[in-house]
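Right, one structure below, let's go through it.
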Amino acid sequence: MQGWILKKEGYDANSAAADGNRFLCANGYMGLRGVCEEAGKEQFAAVTLAGVYDRYMDRWREPVNAPHGLFVQLYFNGMKMGPGNRETLRHEIRLDYRDGVFGRDTDFGPVRLQSERFVSMADCHLMADRLHMRILRDGLLEIRTGISADLWDINGLHLFDPQCRTGETILCGAVTGEKGISVKTTQCVRPEFRAEEAFEEENEGVFRILRRKVNRGEELVLSVFAAVSTSLDGAAWEICAEECCRRAKKKGFDACLREHREVWDRIRRRSEIVLEGDEEAAFALRASQYHLNCIAPRHAGNMSIPARGLSGQTYKGAIFWDAEIFFFPMFVHTQPEIARSLLEYRIETLPGAMRKAAEYGFRGAFYAWESQEGGEEGCTNFNVVDVFTHRPVRTYFRDKQIHISGDVAYALRSYYEITGDRSLLENGGAAVILECARFYISRANTHADSENVDYADVIGPDEYHERVTNNAFTNRMAVHCMESALELKKIFRDRPEWFDALLQERGYEKDWAALERLIPRIRGPVRQNGIIEQFDGYFQLEDCTLETVRSRLMDPREYWGGDHGVAGTTRIIKQADVIAMMALFPDDFTDDEVERNWAYYEPRTEHGSSLSSCMYALTACRTGNPDRAWDLFLRTAEIDVTGGGKQWAGEIYIGGTHPASNGGAWMIAALGFAGLRMKNGEPELHPNLPRQISKLTFPITAKGKNLTVEVSREGAVIRDRQT
Ligand code: IFM
């Protein structure tokens, strides 16, 4: 590992799944897992498409993988070359975080293959690969390249009726089973050598065979261009992939790569945090920013980002609260058009959220916990499979994790406050806030004999304790959402008629009055010796250590939560909950309160979710303890360098990249260590540099102004930035 390049030497089949994540190439439209050209489903090869979902039989709906157009398999004298072969002398893969170029260098014995490939940031449909083959023995070389359908699907099959075509541009098209969405992959090549050409069509795809007698010392170069389009891409989708391939072939690999790099340069100029003083941390931060930037929807203005990005089909390719609370901050401060896209997705899926609220007998908008196409709920009632009985376990994420609607409203309000751009609220955002607030009115539990209002039967961010009452985080989010609805009146004080018409259109008159009455009655946090009780009855649970709970596990993959989970009857929590509330609502709590709660909850937190550490790190910075935040920062930023994080929840695979940690690393560095805060619409700095960092420099935009933040031991400044 050095500077910008993640490297791995040697081949190890057992780490193929993790490496596929760590070495991911993506451009927001699709993600190509970090596997070599010849990889198939055994090595977890996949080209995962953003926003294209399919359901096979009664399995979980998940994103669709497109046929893989950069497939290349070499044969030498009839022998298949692979990095795991006995003859292979050396194998290395690498990923450059500056521009997402994936490289390999494999000495197969008779041939040394070096390649560099990318998923284009300049043309979202395109990916390209250039292979450089040095011949080390005389013999017959066969290059089998084409479009492979031998891909890793978790809950497939998804593509049916394959239609393949050979020729200068080969093609493989198919349709999804559920909704008949067409997916097309095309491929063409530019060999810089002569070879006999033949084609093969089979179940596994369509292939071109380039055959040639080779002599030791020869150097052969082959460029491969592949493109993907789907019938969701608009009117021109049918010809889009073919034209994209032809254009790329004509331009050549270098020109395509140049255009791709120019876009990455611009992205980095707008978002990159330069961390000085600790090279390991700087490297991890570059990795984090690469991973979050490469999955951002730059090709569409109304898409969000799944919890495992585009690294595969884990978590059903669904959008969670991760988008608003963990990805959104980096984007809103650096590339607000992407933050806007995440929220446009929520605006467009409001009807789905309203349907979900109605399904449970409530009014307003209850957003999907795992949101898929059109806001469809992907979360099932049985979201975990028990490792002992192999039976699905009833989980309550779908129906009880009601903070999701407040999280969406929280981001909408922040977008307005940070960018000063009211147009999102005008064009659907205000309606979302009103409907989310209406959901909290309708979901509140009142009592015949008291004025108190509770939220009973909920799950907070700590998912291990299910069906609890008055989860402090949830109550605070609900209040914030309802206050934001009231705040809209002030935001639109110069357009009272417009706002009144909106209230009228949504039939909101009675709800408006209800909001004003309800907010002061909602149970606020209950404290015991300054410690906020996470939910009613939490302090009555067994108070034991994390080690004790871990020692009770009978299987390392066992699910800790729910009725039979080892954590449920104890105070051990999965992830930041009270502390997440403190991070999101800093003005509610004194430093002393934050410190005490941090000291209480941190040792009781498993950090079993990659969303956890960053909240603890942020709050540690806020109380002037950046050194306490340091390890949590490294853990957050390094997760997709090391391939860490949980891989299993019961029998369900949950591995992939960790965009929430990537966003969390940005938050810790910018909001925590540099102490960036928005005060009355203006950025301010309250630095908390840990001893390892000598300087942080990064770009932000605030209210349309491009600025550079610089924080060092000498001081902190915010300067205008030329773009
Ligand atoms: O959204 C999270 C949740 O908070 C914990 N489990 C994983 C989800 C997706 O990252």
Side-chain angles (χ1 to χ4, degrees), residues 21 60 62-63 154 288 291-292 295 304-329 342 346 367-372 377-380 383-385 393 395-408 410-411 458-466 468 471 473-474 477 534 557 559-562 565 567-568 572-581 583-584 605-616 635-636 639-640 644-650 652-665 667:
N21 302 324
W60 290 348
E62 64 186 4
I154 298 182
S288 270
H291 276 288
L292 191 51
I295 53 173
S304 192
I305 303 175
R308 289 287 185 257
L310 297 174
S311 61
Q313 296 159 318
T314 309
Y315 279 139
K316 310 173 191 123
I319 318 299
F320 289 65
W321 70 311
D322 308 31
E324 284 74 24
I325 304 298
F326 296 84
F327 315 159
F328 174 86
L342 307 186
R346 295 299 194 178
Y367 275 89
W369 180 243
E370 300 183 1
S371 182
Q372 297 179 324
E377 176 64 271
C379 189
T380 69
N383 230 26
V384 168
V385 176
V393 178
T395 47
Y396 295 90
F397 313 118
R398 182 190 209 274
D399 33 349
K400 310 293 178 192
Q401 209 149 165
I402 64 167
H403 65 82
I404 179 68
S405 292
D407 305 331
V408 171
Y410 182 94
V458 303
I459 301 188
D462 157 32
E463 295 173 331
Y464 286 164
H465 296 88
E466 297 180 340
V468 301
N471 166 250
F473 180 98
T474 304
M477 264 300 169
Q534 189 178 290
R557 290 182 182 184
Y559 182 58
W560 290 37
I572 296 303
I573 63 173
K574 176 183 184 179
Q575 65 194 77
D577 193 308
V578 167
I579 292 300
M581 170 179 71
L584 297 180
T605 305
E606 184 212 0
H607 297 296
S609 158
S610 59
L611 280 57
S612 187
S613 298
C614 74
M615 291 293 175
Y616 279 95
R635 198 189 298 173
T636 303
I639 193 161
D640 291 327
K646 266 198 182 171
Q647 304 290 309
W648 298 93
I652 307 292
Y653 178 67
I654 56 168
T657 58
H658 299 82
S661 288
N662 307 153
M667 285 197 271

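Whatever order the structure lists them in is the order used to number ligands and atoms, beginning at 1. Excluded from the calculations below are hydrogen atoms, water molecules and symmetry mates; all remaining heavy atoms, backbone and side chain alike, are included. Residue numbers count from 1 along this sequence.
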For this session: Answer with side chain, backbone, both or neither: which part of Ile654 has a heavy atom less than 4.0 angstrom from an atom of ligand 1?
Result: neither
Seminar exercise, completed: atom 7 (C) of ligand 1: closest protein heavy atom, distance to 0.1 Å, is Tyr315 OH, 3.2 Å
For this session: Looking only at distances, please establish whether an N/O atom of ligand 1 is found under 3.5 Å from an N/O atom of Trp369.
Result: no
For this session: Please find out if less than 6.0 Å separates the ring center of Trp648 from that of Tyr559.
Result: no
Exercise. So which protein heavy atom does atom 4 (O) of ligand 1 come closest to, and at what separation?
Worked result: Trp321 NE1, 2.9 Å
Exercise. Of the protein's non-hydrogen atoms, which lies at the shortest distance from atom 3 (C) of ligand 1, and what is that distance?
Worked result: Glu463 OE2, 3.5 Å
For this session: Compare every heavy atom of Ala576 with every heavy atom of Pro461, then report the nearest pair and how far apart it is.
Result: CB-O, 3.6 Å
For this session: Compare all side-chain heavy atoms of Glu463 with those of Phe397 and state whether any distance is below 4.5 angstrom.
Result: yes
Problem set entry | Contact check, side chains of Ile319 and Arg346, non-hydrogen atoms, under 4.5 Å | yes
Exercise. Backbone or side chain, does any N or O of Gln575 fall under 3.5 Å from an N or O of ligand 1?
Worked result: yes
Exercise. Are any of the N/O atoms in Asp322 less than 3.5 Å from those in ligand 1?
Worked result: yes
Problem set entry | For Ala307, atoms of ligand 1 separated by under 4.0 Å from a heavy atom | 9 (C), 10 (O)
For this session: Check whether any side-chain heavy atom of Leu584 sits under 4.5 Å from a side-chain heavy atom of Met615, and report yes or no.
Result: yes
Problem set entry | ligand 1 atoms in contact with Leu611 (distance to a heavy atom under 4.0 Å) | 1 (O), 2 (C), 4 (O), 10 (O)
Exercise. Hey, does Lys574 sit under 4.0 Å from ligand 1 if you only count heavy atoms?
Worked result: yes
Problem set entry | Min side-chain heavy-atom separation Leu611-Trp321 under 4.5 Å | yes
For this session: May I ask you to list the atoms of ligand 1 that are less than 4.0 angstrom from any heavy atom of Phe320?
Result: 1 (O), 8 (C), 9 (C)
Exercise. Can you check whether Met667 reaches Phe326 side chain to side chain, under 4.5 Å on heavy atoms?
Worked result: yes
For this session: Name the orientation class of the two ring planes belonging to Trp560 and Tyr464 (parallel below 30°, tilted from 30 to 60°, perpendicular beyond 60°).
Result: parallel
